[in-house]
Number of protein chains: 2
Amino acid sequence: MTREQSGNHPARETLAGMAALHGAPENPAACPIRDVLDRVGQKWTLLILIALMPGPRRFSALQRRVGDISKRMLTQSLRELERDGLISRQVYPTKPPAVEYALTALGRSALDPIAVLTDWADRNHDRIRAARAAFDAAA
Amino acid sequence: MTREQSGNHPARETLAGMAALHGAPENPAACPIRDVLDRVGQKWTLLILIALMPGPRRFSALQRRVGDISKRMLTQSLRELERDGLISRQVYPTKPPAVEYALTALGRSALDPIAVLTDWADRNHDRIRAARAAFDAAA
DNA sequence: CAGCATCCCCATCGATACTG
DNA sequence: CAGTATCGATGGGGATGCTG
């Protein structure tokens with residue numbers, strides 16, 4: 001989680017605006033872009049959000065669904081997502097305790113822009129792989 | 001893997017497919033999501049792409065524009081972006097050598113989905129910060 | 001079942017110095 | 001100017017074990 005530079009921007013909505021504003025990193029406050037991207041770029045967060053798309057899931061169910069994530073990382077990632085308000089955590093004090101995680105409205109809304117990005121990734125992955133092969137061949 | 005019920009949203013169908021795809025962790029390179037996200041999540045890549053949006057830039061100009069990036073990281077990040085085919089590298093063998101970097105068509109196309117994501121970040125940053133404050137207060 | 005706690009590896013990144 | 005080379009700090013994240 002890297003923090004620094006790239007101050008907050010007032011009424012920017014386009015990348016162009018951000019490119020322009022970036023020349024002045026006087027405000028040390030957290031940049032929304034970095035803030036979100038650092039989270040999205042983390043290894044498991046996205047997989048967890050995706051795993052929660054169909055509906056609420058319990059801890060173990062999540063672990064199975066995500067795949068080879070360790071309990072440690074699952075716990076840690078869930079905490080961060082909960083802290084950011086993207087998922088909710090409901091504890092049922094049953095005999096063996098049960099905890100259910102679910103997407104919040106904010107979490108669901110995050111999946112739309114993420115879907116755009118992953119769709120791009122899906123559509124252009126071949127091109128990227130080809131570019132890499134060409135680059136490596138030239139070396 | 002089994003398809004994930006309902007999801008009238010087309011983009012979400014794709015995401016669900018990606019989730020299923022991850023079921024095979026033996027070849028992580030085969031997952032477009034991780035492939036792209038790892039790059040996007042890196043510290044400087046996005047800043048560099050944004051810095052190149054207005055047009056081609058030379059090494060030093062990029063370094064000034066991005067901010068406090070070291071030459072080491074700038075070089076490294078540029079190499080990866082070039083390898084992925086997102087930017088091009090043009091060398092002018094002048095007296096003091098000049099090298100110009102520019103977005104490729106692929107690189108430009110990547111900025112669209114990224115803009116969607118950063119726009120979301122911009123719009124929802126306040127909510128996230130509020131959620132964090134609430135979470136921290138509860139602890 | 002859900003989750004902390006602990007140990008440890010290694011990838012990422014920063015700083016500095018050197019070069020064609 | 002545009003890098004390369006090297007060292008070192010930081011922390012993400014895997015493996016394992018323990019608990020309410």
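Here is how names work: the chains are called A, B, and so on, in the same order as the sequence lines, proteins then strands, and each is numbered from 1.
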Of the nucleotides [options], which has the atom closest to the [X] side chain?
{"X": "B/Thr75", "options": "D/dG14, D/dT4, C/dC13", "result": "D/dT4"}
{"X": "A/Ser70", "options": "D/dG14, C/dC13, C/dC1", "result": "D/dG14"}
{"X": "B/Phe59", "options": "C/dC1, C/dC4, D/dG3", "result": "D/dG3"}
{"X": "A/Pro97", "options": "D/dG20, C/dG20, C/dG3", "result": "D/dG20"}
{"X": "A/Lys43", "options": "C/dG14, D/dC1, D/dG14", "result": "D/dG14"}

Separation of [X] atom [atom1] from [N] atom [atom2], in whole Å?
{"X": "B/Leu74", "N": "D/dA2", "atom1": "CG", "atom2": "P", "value": "10 Å"}
{"X": "A/Arg89", "N": "C/dC1", "atom1": "CZ", "atom2": "P", "value": "16 Å"}
{"X": "A/Asp38", "N": "C/dT12", "atom1": "CG", "atom2": "C1'", "value": "13 Å"}
{"X": "A/Gln63", "N": "C/dC4", "atom1": "CD", "atom2": "P", "value": "14 Å"}
{"X": "B/Lys95", "N": "C/dG20", "atom1": "NZ", "atom2": "C1'", "value": "13 Å"}
{"X": "B/Ile69", "N": "C/dG14", "atom1": "CD1", "atom2": "P", "value": "7 Å"}
{"X": "A/Met73", "N": "D/dT16", "atom1": "CE", "atom2": "C1'", "value": "15 Å"}
{"X": "A/Asp68", "N": "D/dG13", "atom1": "CG", "atom2": "P", "value": "13 Å"}

Would you please confirm or rule out a distance under 4.0 Å between OP1 or OP2 of [N] and any side-chain N or O of [X]?
{"X": "A/Tyr101", "N": "C/dG3", "value": "yes"}
{"X": "B/Ser60", "N": "D/dA2", "value": "yes"}
{"X": "A/Arg58", "N": "C/dA2", "value": "yes"}
{"X": "B/Arg39", "N": "C/dT12", "value": "no"}

Short question: side chain of B/Arg65, backbone of B/Ala51 - any donor-acceptor pair under 3.5 Å?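 Yes, B/Arg65 side chain to B/Ala51 backbone: donor-acceptor pair under 3.5 Å.
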Examine distances only and state if a side-chain atom of B/Arg127 and a backbone atom of A/Leu106 form a donor-acceptor pair shorter than 3.5 Å.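 No.
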B/Leu62 and B/Leu78, any side-chain heavy atoms less than 4.5 Å apart: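 They are in contact (side-chain heavy atoms under 4.5 Å apart), so the answer is yes.
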Quiz item: A/Lys71 side-chain donor-acceptor pair to C/dG3 base, under 3.5 Å: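 Side chain to base: pair found, below 3.5 Å.
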N/O donor-acceptor pair, side chain B/Arg72 with base C/dT12, under 3.5 angstrom: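 Answer no: no donor N or O sits under 3.5 Å from an acceptor.
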Quick one about B/Tyr101 and B/Arg89 (side-chain donor to acceptor, distance below 3.5 Å, no hydrogens or angles considered), yes or no?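 Yes.
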Result of checking A/Arg57, A/Lys71, A/Met73 against A/Gln63 for side-chain contact (heavy atoms from CB on, under 4.5 Å):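 With A/Gln63 as partner, side-chain contact (heavy atoms from CB on, under 4.5 Å) holds for just one option, A/Lys71.
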